[in-house]
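Small disclaimer: the values here were computed from a predicted structure and weren't measured. We count residues from 1, following the sequence as given.
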Amino acid sequence: MDELPDLRFARAEDGVTLGYQVFGRGPVLVWMPSLSNIVAQWRIPAVRAAYAALARDLTVVLYDGRGTGSSDRRIDLGDLGVEAHLRDLRAVLDHAGIRRASLLGYYHSVATAIAFAAREPGRVDRLVLFGGAPRLRDAMSPAQTQALLSLVDQDWGLFADAAATAWLGWDAAPSGRWVAESFRGATTAPVAKAWFDAARAIDVTAELGQVRAPTLVLHRQGAEQIPVEVGRRLAARLPDARLVELPGSTPTLFVEDAASDVRLVSGFVTDGRVTRSTARGLTAREREVLGLLTAGHSNAGIAARLGIAVHTVERHLANVYRKLGVSGRTAAVAHALRGPGG
């Protein structure tokens, strides 16, 4: 995309002004914010490429939450719970004339996406959830995250640098600096502290059972960020959800395996397909095990070829079956032989 989309402004029912952008074509996907800075994010090459790729098949809506980015900074710092974030989302949808949309809940906004889908099911087609939890303190509890958050009111600039590099995995090259700059300009330290303080109290667990939208829960990060068990519990408690554990260690989407992530999200939003190839979402060892299984090897044979114990092979196969959504060896082999989209 050569030119940035126009910046539009919606007004929430409590008077807060929200900056947002709409671009692309096809079914609507609203990429919901955490601490966002949508104008600055276009300067990050990987993020800009992701926007362009998603826009080939989807109408993408981006917006800055209250107190951040291009949205109103003059806000009530005591009113940053889920109800406030729902007001922001409704304002953007209504101003843009969007009756129904799929929602990409990203980190902080996972709980908001769940709450909106539960309360207004007629407005939500599908949910894609990454990096958060219905009870947000579960996603914020790892020690590394707590150490990072302690910097917010101590040294805002250091927080931005650490969030970009140490936590999100961007390197020290220009992209990493642009990400850090995006964080620094997203808001002020007092607003960020109020956001995170309020997040610790957000809990929409009781609303999970009311979500009717098909949901794709995505996970890509190590235990030092958000443990995979958080995503597993979330997927298990939603009525119609599938968990995909993405390969890689960078805790973000559309960067480490960008083309595959775009195909996965676009395919799910457009027609419900999880189009990542059979091997996608598996660890390198799980792909090896599946390959040997497809070639006709027994568990003992796979163990011998890989130099691991049979019970380790069985554990890897259990993970493969769960990730592929199949019930056993025969179904896994058939799934593998069908290839992408199978």
Please report the C-alpha distance between Leu136 and Asp203 in whole Å, then the side-chain angles of each, then the deciding distance to 0.1 Å, and finally whether the side chain to side chain contact (heavy atoms under 4.5 Å, CB included) criterion is met. CA-CA 6 Å; Leu136 281 180; Asp203 185 356; over 6 Å; no
Taking the side chain as every heavy atom from C-beta outward, state whether Tyr63 and Asp88 have any pair of such atoms under 4.5 Å apart. yes
Cation-pi, Phe268 ring and Arg126 (6.0 angstrom, 45 degrees): yes
Is a donor on one side and an acceptor on the other found under 3.5 Å between the side chain of His108 and the backbone of Leu35? no
With distance as the sole test, does Asn37 use its side chain to make a donor-acceptor pair with the main-chain N or O of Ser182 at under 3.5 Å? yes
Side-chain contact test, heavy atoms from C-beta onward, threshold under 4.5 Å: evaluate it for Ile308 versus Val313 and give yes or no. yes
Would you call Arg220 and Asp261 a salt bridge, taking side-chain N to carboxylate O under 4.0 Å as the test? yes
Backbone N/O of Val262 and side chain of Ser266: donor-acceptor pair under 3.5 Å: yes
Is it true that a side-chain atom of Thr330 and a backbone atom of Gly328 form a donor plus acceptor pair closer than 3.5 Å? no
Any heavy-atom pair between the side chains of His219 and Val244 that's under 4.5 Å? no
With distance as the sole test, does Thr17 use its side chain to make a donor-acceptor pair with the main-chain N or O of Ser71 at under 3.5 Å? no
State whether a side-chain donor-acceptor pair under 3.5 Å links Ser70 with Asp64. yes
Within the supplied structure, the quantity of interest is the number of heavy atoms (other residues, nucleotides, ligands) at a distance under 6.0 Å from Arg305 CZ; does it exceed 12? no
For the OG1 atom of Thr205 and the CG atom of Leu208, what is their distance to the nearest 0.5 Å? 5.5 Å
Going from CD on Glu3 to CG on Asp6, what distance comes out if it is rounded to the nearest 0.5 angstrom? 9.0 Å
So with a 6.0 Å cut-off around CZ of Arg119, is the heavy-atom count from everything else above 12? yes
Please assess Glu314 against Asn299 for the test side chain to side chain contact (heavy atoms under 4.5 Å, CB included), listing each intermediate value before the final yes or no. CA-CA 7 Å; Glu314 293 169 348; Asn299 287 6; 3.6 Å; yes
Using 4.0 Å as the upper bound for N to carboxylate O, is an ion pair formed by Glu245 and Arg232? yes
Ala111 versus Val204, closest heavy-atom pair with distance: O-CG2, 3.6 Å
Interatomic distance, Thr112 atom OG1 to Arg87 atom CZ [nearest 0.5 angstrom]: 11.5 Å
Rounded to the nearest 0.5 Å, the OH atom of Tyr20 sits from the CG atom of Leu7 at a distance of 9.5 Å
Measure from the side-chain N and O atoms of Arg25 to the backbone N and O of Thr59, and report whether any donor-acceptor pair falls under 3.5 Å. no
Leu89 versus Leu103: any side-chain heavy-atom pair under 4.5 Å? yes
Does the Arg73 side chain pair with the main chain of Gly69, one donor and one acceptor, at a distance under 3.5 Å? yes
Looking at Arg11 and Asp94, does any basic side-chain N land under 4.0 Å from a carboxylate oxygen? no
For Ile98, does its backbone N or O pair with a side-chain atom of Arg123 as donor and acceptor, under 3.5 Å? yes
Once rounded to the nearest 0.5 Å, what's the spacing between atom CZ of Phe23 and atom CG of Leu4? 10.0 Å
So that I know where these two stand, are Tyr51 and Trp31 an aromatic pair - ring centroids less than 6.0 Å apart? yes
Using 30° and 60° as the class boundaries, would you call the ring planes of Tyr107 and Phe130 parallel, tilted or perpendicular? perpendicular
Is a donor from one side chain sitting under 3.5 angstrom from an acceptor on the other, for Arg8 and His95? no
Residue pair Asp79 / Asp14, side-chain heavy-atom distance below 4.5 Å: yes
Of Glu83, Glu120, Glu13, which meets salt bridge (charged side-chain N to carboxylate O under 4.0 Å, His left out) against Arg90? Glu120
Distance-only, no hydrogens or angles: does the Ser298 side chain make a donor-acceptor pair with backbone N or O of Gly301 under 3.5 Å? yes
Quick one: do Phe254 and Val265 satisfy side chain to side chain contact (heavy atoms under 4.5 Å, CB included)? Show the steps, please. CA-CA 10 Å; Phe254 312 122; Val265 172; 3.9 Å; yes
Starting from the C-alpha separation in whole Å, work towards a yes-or-no answer on side-chain hydrogen bond (donor to acceptor under 3.5 Å, both in side chains) for Asn319 and Arg285. CA-CA 11 Å; Asn319 288 336; Arg285 179 63 87 186; over 6 Å; no
I would like to know whether Met32 and Leu104 meet side chain to side chain contact (heavy atoms under 4.5 Å, CB included); could you show each step before the answer? CA-CA 6 Å; Met32 298 170 61; Leu104 171 55; over 6 Å; no
May I have the step-by-step check of salt bridge (Lys or Arg N to Asp or Glu O under 4.0 Å) for Asp72 and Arg66, ending in yes or no? CA-CA 6 Å; Asp72 203 336; Arg66 58 184 56 213; over 6 Å; no
Joint hydrophobic cluster, Leu290 plus Val310, side-chain heavy atoms closer than 4.5 Å: no
Report yes or no: does Tyr106 contribute a side-chain atom to a donor-acceptor pair with the main-chain N or O of Leu253 at less than 3.5 Å? yes
Would you call Leu127 and Val211 a side-chain contact if the rule is heavy atoms closer than 4.5 Å? yes
Pair Asp240 + Arg212, salt bridge at N-O below 4.0 Å: no
Please examine the side chains of Leu234 and Leu129, heavy atoms only from C-beta on, and report whether any two atoms are closer than 4.5 Å. yes
Mind checking whether Leu58 and Thr270 have side chains closer than 4.5 Å, heavy atoms only? yes
